Amino acid sequence: MEKGRKKQRRNEEDMKRAGKIATAVLSAAAVIALFFGFQRLVEPKYANGIFEGNFTAEYYEETTEHDVIFVGDCEVYENFDPIYLWNRYGITSYIRGNAQQLAWQSYYILEDTLRREKPKAVVYNVQALTYDEPQREEYNRMALDHMEWSKTKYDAIRASMCDGEKMLDYIFPILRYHKRILELSKEDFTYYLERRHITHNGYYMRVDVLPASQSDVADPTWLLGEETEEEDGTEEEVETDFGGDIDDPWADIEEAEEEAEEDGANVPAPAQSAAGEQFGSLPMSYLDKMRALCEENGIRLILIKAPSLAPQWYESDNEQVAAYAEKYKLPYINFYELLEETGIDFETDTYDGGLHMNLNGADKLSEYLGGVLQGQYGIPDRRNDSALSALYAEKTSFYEDMKKKQQEELRIYGEIRNY
């Protein structure tokens, strides 16, 4: 009898102990959930619910591998169209790009990509070779905040941090953004639970048109060779298609810089190379690392320079890339030299006055590049794969739906408002 009572007491004590442990575990889980929930709430969000770093984050939703991976800055994610490449050539591709994605960031994002898949070709846009030091925290955050955690992400952050930035602020973004609790807007709550999917295999679609001749965001004369003038010989008044002022694509960044300067923060000056200057050793060392990484994995590295009226691509820049490509037997496609062949027209094929292509321009560049990838480098046509065809039918449906919605917004409002 006494043994039975002792056993019962032990069981009760064990149950109490287990209950305390369970309570402690649940309490810790609740605290962790609240911590990360609050962190997610205060993370910055762009207009229309695009989370900072959303382009990076969307890659991890992919369920299949790709034969071609693009890496680079806005000159890839706005100028090339993977859905067109699929429908026209059966090429599976993905763009891993962000605004002003620097050479070292592209290297680490490629390294991150190769942890998940091994493409047949990597297409790298070389514009970022003109920057030889970290630029701005805002751009760092767009590229890096939503990379999956790994040593690769840690190395990417360490290589990218500007003066005054701290690694701990990247590990726990709440340390950087907690003051936003006083600045929360409706969209912070609207897009709290889910990120709005905005790209098409990394491509950012815009169907609107802002001709270079109606914009002052870029100087076309260095490339096109003539001033835009009225018939009387005076310079044309700059207006948008919508009758308003032109949106400066760097306005938000410049405003942040001004605020930082007022607060006494150290804002680095742009370090882009000028005419006749040599690329810095830092970006070139990461191009070397990218080339070596591709060689180790049996991947063909293809260098490209997408066409843009700004920033200016100097002949000295082009010569350096061409010399590097020749030295290491790499393909180099300079689309400035292919304007006539691709049919690019800066009056019809750009949505922001010549900085980036609209859908029409992106498809022209994709038509040319798809032919090269398939005709010269053997990238296969996968459209006979029923599973891939079904998947890309869904992707194409989303793509066509967004195109129609943007066209409808243009019809109703005269501008794109929600994309």
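Note that the coordinates shown come from a computational prediction; the quantities given were computed from them, not determined experimentally.
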In short, salt bridge (charged side-chain N to carboxylate O under 4.0 Å, His left out) pairs touching residues 90-107 with sequence neighbours left out are R96-D112

Exercise. Does any donor atom in the side chain of Y399 or D81 lie under 3.5 Å from an acceptor atom in the other side chain?
Worked result: yes

Hits for side chain to side chain donor-acceptor pair (under 3.5 Å) against R116, two or more places apart or cross-chain, chain-then-number order -> none

Decide whether E75 and N125 meet the rule of one side-chain donor and one side-chain acceptor closer than 3.5 Å. yes

With sequence neighbours left out, the residues meeting side chain to side chain donor-acceptor pair (under 3.5 Å) with N360 are D349

In short, side-chain hydrogen bond (donor to acceptor under 3.5 Å, both in side chains) pairs touching residues 370-381 with sequence neighbours left out are D381-R383

Please set out all donor-acceptor pairs under 3.5 angstrom arising from side-chain atoms of residues 280-288, sequence neighbours excluded.
residue, atom, partner, partner atom, Å
S285, OG, S281, O, 3.4
S285, OG, L282, O, 2.7
Y286, OH, Y108, OH, 3.2
D288, OD1, R291, NH2, 3.2
D288, OD1, Y324, OH, 2.5

In Y203, Y77, F80, Y94, the residue satisfying ring pair (Phe, Tyr, Trp, His ring centres under 6.0 Å) with F70 is F80

| query | Are W313 and F335 close enough that their ring centers fall under 6.0 Å? | reply | no

Nearest heavy-atom approach of K364 to D345 is NZ-N, 4.5 Å

Examine K395 relative to F398 and say whether NZ or CZ is less than 6.0 Å from the centre of the six-membered ring and inside a 45° cone about the ring axis.
-> no

Sequence neighbours excluded, the answer for side chain to side chain donor-acceptor pair (under 3.5 Å) partners of Y84 is E367

Side-chain donor-acceptor contact under 3.5 Å, N140 with Q105: yes

